[in-house]
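The first residue in the sequence is number 1, and the count goes up from there.
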Amino acid sequence: MKNILQHINKAFDHRIRLGIMSILMVNEYADFNTLKELLGVTDGNLASHAKALESEQYIMVEKQFIGKKPNTRYMATKEGRKAFKDHINALEKLISKN
């Protein structure tokens, strides 16, 4: 059991971070407003959890302007994809242990 638990990644403990990564695993990228709407979170919550994932280098942040409006979009990094898959695999192993 201990071996399984060591593969659970603390970076994905929070439901918002889990949601961000889940969305980015099935999409090439997602912008701030899309993530905010899909997850039902405030600007501040989304920004702080995205920053935590960015500091782990699990996501990349790209800021640009579309016309005169700022646009921030997020993409999972190669390292982030691997870490998230490992985390999900560890959870599945934990759940399947009876």
Looking at R17, K10, R15, which one forms a side chain to side chain donor-acceptor pair (under 3.5 Å) with D13?
K10
So, do [X] and [Y] sit near enough that their side-chain heavy atoms are less than 4.5 Å apart?
{"X": "L35", "Y": "V41", "answer": "no"}
{"X": "T77", "Y": "K82", "answer": "no"}
{"X": "I20", "Y": "L46", "answer": "yes"}
{"X": "E28", "Y": "M75", "answer": "no"}
{"X": "N27", "Y": "I23", "answer": "yes"}
{"X": "F65", "Y": "N71", "answer": "no"}

Could you list all the ring-ring contact (aromatic ring centres under 6.0 Å, His included) pairs where at least one residue sits in residues 8-31, not counting sequence neighbours?
F12-Y58, F12-F84, F12-H87, H14-H49
From [X] atom [atom1] to [Y] atom [atom2], the distance as rounded to the nearest 0.5 Å:
{"X": "L91", "Y": "N9", "atom1": "CG", "atom2": "CG", "result": "10.0 Å"}
{"X": "M21", "Y": "Y74", "atom1": "CE", "atom2": "OH", "result": "13.5 Å"}
{"X": "M60", "Y": "K78", "atom1": "CE", "atom2": "NZ", "result": "13.5 Å"}

Is a side-chain donor or acceptor of D31 paired with a backbone partner of T34 at a separation under 3.5 angstrom?
yes
More than 12 heavy atoms of other groups within 6.0 Å of [X] [atom1]:
{"X": "E37", "atom1": "CD", "value": "no"}
{"X": "Q57", "atom1": "CD", "value": "no"}
{"X": "Q64", "atom1": "CD", "value": "yes"}

Residues that E54 engages under salt bridge (charged side-chain N to carboxylate O under 4.0 Å, His left out), provided they are two or more places apart
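Applying salt bridge (charged side-chain N to carboxylate O under 4.0 Å, His left out) to E54 gives none.
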Of all residues at least two apart in sequence or in a different chain, which pass the salt bridge (charged side-chain N to carboxylate O under 4.0 Å, His left out) check with K85?
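Listed in chain order: nothing, the list is empty.
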